Structures are given as structure tokens and as C-alpha cells.
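Encoded as C-alpha cells, the structure appears first; notes follow it.
Source: prediction; values computed, not measured.
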Protein chains: 2
Amino acid sequence: MLSIKDVAQLAGVAVGTVSRVINNSGAVKPETRRRVEQAIQELNYVPNEVARNFKMQKSKMVALLLPSIWHPFFSELAYYIEDELDREGYKLMLCNSSGKPEKELYYLEMLQQNKVAGIVGITYNDIESSVSTDIPIVSIDRHFSKKITCVTSDNYEGGRLALRELVKAGARKPAFMGSVTAVYSETMKRREGFVDEAKAMGVDYVVYEKPDPVTDDDIYYGEFLRDHADVDGVFAITDMFAAKYIERAREQNIRVPEDVKVVGYDGIQDHAYFHPLISTIRQPVEEMARMTIQLLYKKIRGESLDLETYRLPVTFRPGETT
Amino acid sequence: MLSIKDVAQLAGVAVGTVSRVINNSGAVKPETRRRVEQAIQELNYVPNEVARNFKMQKSKMVALLLPSIWHPFFSELAYYIEDELDREGYKLMLCNSSGKPEKELYYLEMLQQNKVAGIVGITYNDIESSVSTDIPIVSIDRHFSKKITCVTSDNYEGGRLALRELVKAGARKPAFMGSVTAVYSETMKRREGFVDEAKAMGVDYVVYEKPDPVTDDDIYYGEFLRDHADVDGVFAITDMFAAKYIERAREQNIRVPEDVKVVGYDGIQDHAYFHPLISTIRQPVEEMARMTIQLLYKKIRGESLDLETYRLPVTFRPGETT
DNA sequence: AAAAAGAGTTGAAACGTTTCCAATTTGGTG
DNA sequence: CACCAAATTGGAAACGTTTCAACTCTTTTT
């Protein structure tokens with residue numbers, strides 16, 4: 001294999017000198033630099049990153065651990081994360097956990113063995129205890145502890161906003177619809193905001209939720225439609241829930257938005273093929289992605305962060321369902 | 001750093017023996033194995049993958065180079081690719097090129113430096129010439145040469161199928177709508193199939209295409225709607241094109257499917273929030289993904305492949321637009 | 001003119017693993 | 001009991017890089 005030694009030999013210098021030329025570290029006489037560069041050119045030499053990573057005991061690789069890249073919210077997030085990483089020469093390793101705790105742990109261990117520089121985690125496990133080493137981690141939408149910084153949208157305000165928009169659109173008895181995930185999931189605050197605002201405004205409301213994961217849509221939505229026939233507004237915890245609800249409701253000749261107003265959360269629909277365009281609480285995905293990586297960089301550099309949780313503001317995006 | 005040496009010392013054996021235990025290579029006495037395993041347990045030792053990669057001069061990392069993970073077709077593909085890779089302990093590195101040739105080349109060079117085990121490429125460049133080393137590559141939808149195996153769907157048959165379905169749905173003057181990409185792109189065969197079948201059936205047809213990339217939708221679709229007001233069927237080269245066309249057509253009070261039947265290509269819509277559900281030529285995404293990785297494995301193992309291009313059959317999935 | 005400072009360079013050690021040859025032990029056989 | 005083959009183990013080399021102490025020149029200062 002072509003190595004730094006070959007370059008050194010051809011240029012008539014020592015390996016250390018070649019290394020200094022390549023990394024621009026230490027002093028090198030212009031004439032020497034020229035000779036080395038020419039030798040590099042001539043041999044078509046490229047540094048061996050694997051050897052470099054080994055020697056340095058660190059790599060410029062960041063892992064993104066999430067349930068499924070197939071989900072549009074995550075794929076948008078991943079797009080911006082990769083872009084932000086690339087700006088600093090970092091590489092992205094993608095890990096789909098399918099939301100299975102055992103797979104999350106399996107990946108976490110693998111990532112430690114591979115000495116990744118950092119991890120962005122969207123997990124169901126409390127990964128804190130599972131990561132023995134000191135790999136920097138930033139989590140999205142999950143707040144475990146001080147050690148793992150969390151980036152999320154302002155779920156509480158989003159919940160309040162959703163309630164207000166439903167009422168504004170004419171709903172008299174809005175329902176919160178979602179699933180119950182773990183306690184550390186920030187998304188639960190969407191319900192809190194919704195409920196608090198309903199109480200504050202003196203609006204009658206319903207909370208409908210089942211434990212995660214919702215496996216049988218027929219039962220989930222069927223039950224809701226049966227037991228809560230009187231609701232005229234739905235705040236779904238995600239756009240996905242909203243879309244499925246709308247689908248089922250229409251099958252039962254419930255018109256959206258005439259009979260029931262619907263507001264989702266996420267704002268994943270940005271292509272022409274999404275209809276109806278769901279009125280939704282839009283998360284600032286790009287900003288969240290870039291901030292996540294910037295915070296991760298800080299952690300990698302060993303800087304301390306001001307906050308445990310960074311909450312980015314959300315906005316209401318009117319669609320065709322209110 | 002905790003290394004194999006510490007384990008060896010604690011277990012009272014040589015490093016080579018520990019290595020043999022870990023990798024199950026060579027013979028080790030049961031009693032010795034037990035002692036080593038206990039030492040590993042006790043120290044909570046995990047092998048350093050980076051060092052291993054370095055020593056072996058290869059890593060179990062495969063790169064996926066594509067325009068944008070944000071696109072639903074690619075994110076579905078990536079999901080299955082990651083899954084298939086994980087089954088053999090391979091890791092996935094994600095590279096978004098944004099479809100820019102210079103970024104493709106930049107990534108390609110980086111991947112060589114990082115000695116990835118293989119590359120799955122969905123690129124606009126002819127990457128053949130850019131990869132000097134012998135990294136195994138499998139390409140999706142692009143056929144460059146013998147060296148780079150290509151996995152694709154049966155675009156030609158898909159084109160024929162689309163034409164037949166449009167006619168079956170009542171179209172008398174169907175149009176092909178798309179963009180012209182590079183000559184090596186297999187997707188161009190969708191048009192060929194469409195045209196050949198139209199001729200074979202004696203059907204009047206239109207071909208409308210602009211050079212890639214289509215930057216201004218207003219002009220693209222506006223021009224089509226103006227110049228081809230008499231078409232009553234559209235075969236769009238992708239579902240994305242189909243969706244955008246439908247959007248514009250409706251703005252001009254053209255009803256789909258009453259006035260114009262539409263068939264797309266890809267089959268990306270698998271969630272409730274897609275409406276109208278586009279009638280489309282569905283690519284077997286999962287199968288393509290798994291086959292791609294299996295072929296890549298063969299190349300990594302140094303086996304030779306039977307074909308240069310592997311074409312998987314497509315199916316017509318009726319939606320609400322025919 | 002001698003000493004000090006600085007610039008440039010060398011060469012070897014170290015990173016953690018695998019692998020291979022040699023050395024040792026084991027077990028079986030004559 | 002001696003001998004041989006097989007099984008097991010030890011130990012060192014090698015992978016390609018960075019880093020650092022030591023060394024050689026060159027320039028500046030006194």
C-alpha cells in the first residue's frame with residue numbers, strides 16, 4: 001500500500017516532514033514543501049484516514065440513531081444534519097433502531113466500539129445509563145439528564161397554540177389525540193399545553209391516548225370515533241396521527257374541516273402530493289438540525305453548554321383542515 | 001486506554017491468545033478461554049474497532065451516495081439498505097450530494113481515503129473514472145460500465161405498462177412527461193417503453209421533456225398545459241412529476257381523472273396523508289435495496305457477477321388518478 | 001567572535017489489533 | 001518409557017500515521 005514512507009523516500013525527506021506538510025503543522029522550508037508536494041502528486045498519494053483515526057484515537061464520524069429514516073420527519077432532519085456535519089468535514093453514520101430498545105442498545109455499543117465522535121439520538125431507551133464512555137450525545141425531543149443535551153421544539157407552546165387555533169376555527173369540544181411514550185419524551189408536553197390552554201380558556205375538551213406503540217389502527221381510531229362522536233376538533237400529536245384520523249373519519253362521512261377541524265404537529269408535508277394539506281404546528285426542522293450539530297461540536301470540543309434543553313419556537317401553518 | 005494487553009495480563013496469557021478467543025480463530029483450551037472471558041468481563045473490555053479496521057486495512061462500512069435522503073423514494077431505499085447491511089454487521093454512511101457533480105466527486109474521494117468496504121451510488125456523474133481504486137460499487141438506476149453493477153427496475157416494461165394502463169383507462173392521446181437526464185440513466189427507458197408501446201398499439205401520443213434539472217415549475221408545467229391542451233392522459237416519469245402536474249392541472253380546472261388520466265412511477269405514497277393516491281408503476285424498493293446489498297457483498301468477497309444490469313419487475317398500482 | 005535563539009529536520013516510539021512462526025505442552029502409540 | 005503428531009500458547013512484527021525529543025544549520029545578539 002502506498003504510504004507516507006513512499007512519499008518521504010521519493011522526496012528525500014523523513015516521514016515526519018511529510019506529515020507536517022500534509023497537516024500544515026510545524027515549520028517546513030518552502031523548498032522542502034514543494035518537493036514533498038511534488039512527490040505526493042507524482043505518486044498520487046492520498047493519506048490513509050483509517051490509520052489517522054487509529055493513531056488519533058478518534059474519528060470524524062457522527063452517528064444518527066433514530067427509529068426509521070423512512071419517516072418523512074426524520075428524513076428531513078437527517079438531510080440537514082448531514083449537511084451541517086459536512087461543513088466541518090464530519091461524516092454521518094445512519095442507524096435505524098426501528099424503535100426497538102434492544103436495537104438501540106446494540107447500536108449504542110457498536111458506536112462505542114467504533115469510537116464515533118458523537119451521537120445524535122432519537123431513542124425510546126434512556127440511553128444515558130447505556131453509554132459508559134464519554135461520547136458526546138445530543139438528543140432530539142427526549143430529555144434524560146444533564147449529560148445528554150436535548151434539542152426540541154416548544155411542545156408546550158405548540159399544544160397551547162393548537163388549542164387556540166382549533167377554537168378560533170370554530171371547535172367547541174376539541175380532543176387531544178396521541179400515544180403515551182416515555183416520561184422523558186418532550187412530546188408529552190404537547191398535551192399539557194393543550195389541556196392547560198383549554199382550562200385557561202374554559203373550553204370543554206377530551207384527551208384520548210393509548211400506550212405507544214399504536215399497533216392496530218382499526219382499533220385505535222375506531223374506538224376514538226365511537227366514543228367521542230361529539231368532538232368537533234382534533235389536535236393530533238403528529239401529522240401522521242392527524243392524517244390517519246382524517247382518513248378514518250372520512251370513511252364514516254365525517255367531513256374535515258366542516259364537521260371536525262384538525263390540527264397536526266410536525267409540518268412534514270412540503271410536497272404537492274400531500275392532500276389535504278393538514279393545518280399543523282410546524283417544527284423548525286432545519287434550525288433544530290443545525291443547532292443539534294452545533295451543540296454536538298461544542299461538546300466534542302469539551303465546552304460546556306448553557307442549557308440542558310434547547311427549545312425552538314414553533315409556528316402555526318394553516319392548511320385545509322381548519 | 002483499556003486494551004487487549006490488559007486483558008492478557010489479567011488472564012495471565014499472551015495477547016495473541018486473547019485475540020484468538022475474541023475472534024474464535026485458532027485453537028484455545030476451554031480452561032484458557034474461560035479465564036480470558038472472565039478477564040474481559042471483569043475489565044468490561046470491548047475490542048477497539050478502529051484499531052481492528054486499521055490492522056485489517058478494511059472496515060465494515062458501506063457508503064450510500066445519493067442526491068437527497070429527504071426524497072421519499074431514497075429514504076425508503078435507505079431504510080432497507082441499512083437493514084440489509086446490519087444483518088451482516090455492516091454500517092451505513094450517508095452522503096447527500098444534492099445532485100451536484102462536484103459534491104459527488106468530493107465524497108467519492110473522501111470514501112476512498114476512508115477505505116469504505118463498498119459504495120452504493122445514485123449519482124449524476126459517471127463515477128467510474130473517478131474511482132481509481134478497486135472499491136466495489138453498485139449503482140442504482142445508472143448503468144455506466146461493466147465495472148459498476150447496476151440495479152434498476154424494469155423501466156422499459158414500466159413505460160409500456162403505463163401506456164397500456166392509460167389507454168385502458170380511456171386516454172386517447174397520452175403524453176409522456178419528464179426530464180432528460182444523462183444517457184446512462186436507466187430511467188430514460190421509461191419513455192422508450194411508453195413510445196414503443198404507443199406505436200405498437202397505434203395510439204397517438206406526445207413526448208414532453210426538458211433538460212434536467214427542472215428548476216422552474218411554473219414554466220415547465222405551464223408550458224405543457226398550454227401547448228398540449230388536447231392530451232387526456234399523462235405518464236409522468238416520477239410520482240413527483242405526476243403530483244405537481246395534478247396540482248397545476250387542477251388550478252386550471254382540469255379534473256383528474258375525469259379529463260386527464262395520470263400514471264406516475266415509483267410508488268412512494270404509502271401513507272394516509274397522500275391524496276390523491278396516484279396510479280403508478282411501483283418499483284419493488286425493498287427488493288431492489290436488498291439485492292443491491294447482496295450484490296455488493298459478492299463484489300466485496302471478490303466473486304464475479306453474472307450480469308451488468310439487474311432489472312426487477314414492476315407492477316401497476318391503481319390509485320385515484322385513472 | 002562566541003553565544004544564544006530560532007528554524008528546519010530526523011528518526012523512533014506509540015496507538016491496539018491480527019497473524020505467523022516458534023516454542024511448549026499434551027496425548028497417543030509402539 | 002520414548003517418541004511423534006497435534007494442540008495450544010507465546011511473542012514479535014506489521015499496519016500508516018502523528019508526535020516529540022534530539023540534532024543540525026542558520027541567523028541574530030552581545
Side-chain angles (χ1 to χ4, degrees), chain A residues 1-40 43-61 89 109-117 133, chain B residues 1-40 43-61 89 109-117 133:
Chain A
M1 178 165 303
L2 194 60
S3 85
I4 208 171
K5 274 183 201 151
D6 304 296
V7 176
Q9 191 166 18
L10 180 59
V13 298
V15 290
T17 306
V18 178
S19 176
R20 264 174 296 123
V21 169
I22 292 170
N23 299 300
N24 258 313
S25 58
V28 179
K29 225 197 294 189
E31 160 62 10
T32 313
R33 153 162 276 120
R34 204 194 50 71
R35 280 224 313 285
V36 171
E37 277 166 350
Q38 183 176 341
I40 288 175
L43 294 171
N44 203 10
Y45 164 83
V46 284
N48 184 334
E49 271 296 314
V50 180
R52 208 192 293 236
N53 291 341
F54 165 64
K55 170 65 190 177
M56 309 301 255
Q57 290 300 322
K58 67 177 179 222
S59 70
K60 297 198 97 177
M61 174 79 66
E109 177 161 341
M110 185 271 281
L111 296 176
Q112 290 178 254
Q113 288 190 22
N114 283 85
K115 309 238 177 294
V116 295
T133 60
Chain B
M1 176 166 303
L2 195 59
S3 85
I4 208 170
K5 274 182 200 150
D6 304 297
V7 176
Q9 190 165 19
L10 180 61
V13 298
V15 290
T17 306
V18 178
S19 176
R20 273 187 302 261
V21 168
I22 292 171
N23 299 299
N24 257 315
S25 59
V28 180
K29 228 198 293 191
E31 158 63 10
T32 312
R33 154 162 276 121
R34 203 193 51 69
R35 279 221 315 285
V36 171
E37 278 166 348
Q38 183 177 340
I40 288 175
L43 294 172
N44 202 11
Y45 164 82
V46 284
N48 183 333
E49 272 295 314
V50 180
R52 205 191 292 234
N53 291 340
F54 165 64
K55 170 64 189 175
M56 309 302 257
Q57 290 300 321
K58 66 178 180 218
S59 70
K60 296 197 98 177
M61 174 78 67
E109 177 161 341
M110 185 271 281
L111 295 176
Q112 290 178 254
Q113 288 190 23
N114 281 279
K115 308 239 177 293
V116 295
T133 61

Sugar-phosphate only, base, or nothing, as touched by A:N23 at under 4.0 Å among non-hydrogen atoms: sugar-phosphate

Listed once per pair and sorted, the salt bridge (Lys or Arg N to Asp or Glu O under 4.0 Å) pairs that draw on residues 2-21 of chain B, sequence neighbours left out: none

Distance, nearest 0.5 Å, that separates OG of A:S59 from CG of A:N114: 8.0 Å

Atom pairs under 3.5 Å, N or O on each side, protein against nucleotides 21-26 of chain D: can you list them with distances?
none

Approximate separation, where rounding is to 0.5 Å, of B:K115 NZ and A:N53 CG: 11.5 Å

Interface limits on DNA chain C, where chain A has a heavy atom under 4.0 Å of a nucleotide atom: C:dG8 to C:dG16

Value rounded to 0.5 Å, distance of CD in A:Q113 from CG in B:N48: 9.0 Å

Heavy atoms of other groups near A:E109 CD, more than 12 under 6.0 Å: no

Contact letters for nucleotides 4-13 of chain D, in which S counts primed atoms plus P, OP1 and OP2 and B counts the base, heavy atoms under 4.0 Å: ----SBBBB-

By side-chain contact (heavy atoms from CB on, under 4.5 Å) - contacts of A:K60 (at least two apart): A:Y90, A:K91

Which residues share a side chain to side chain donor-acceptor pair (under 3.5 Å) with A:R35, sequence neighbours left out: none

Inter-residue atom distance A:T17.OG1 - A:I4.CD1, 0.5 Å rounding: 9.5 Å

Distance in Å, A:L10 CG paired with A:Q38 CD, rounded so as to fall on 0.5 Å steps: 8.0 Å

Sugar-phosphate, base or nothing in reach of A:S19, heavy atoms under 4.0 Å: base

Salt bridge present between A:E49 and A:R52 (N-O < 4.0 angstrom): yes

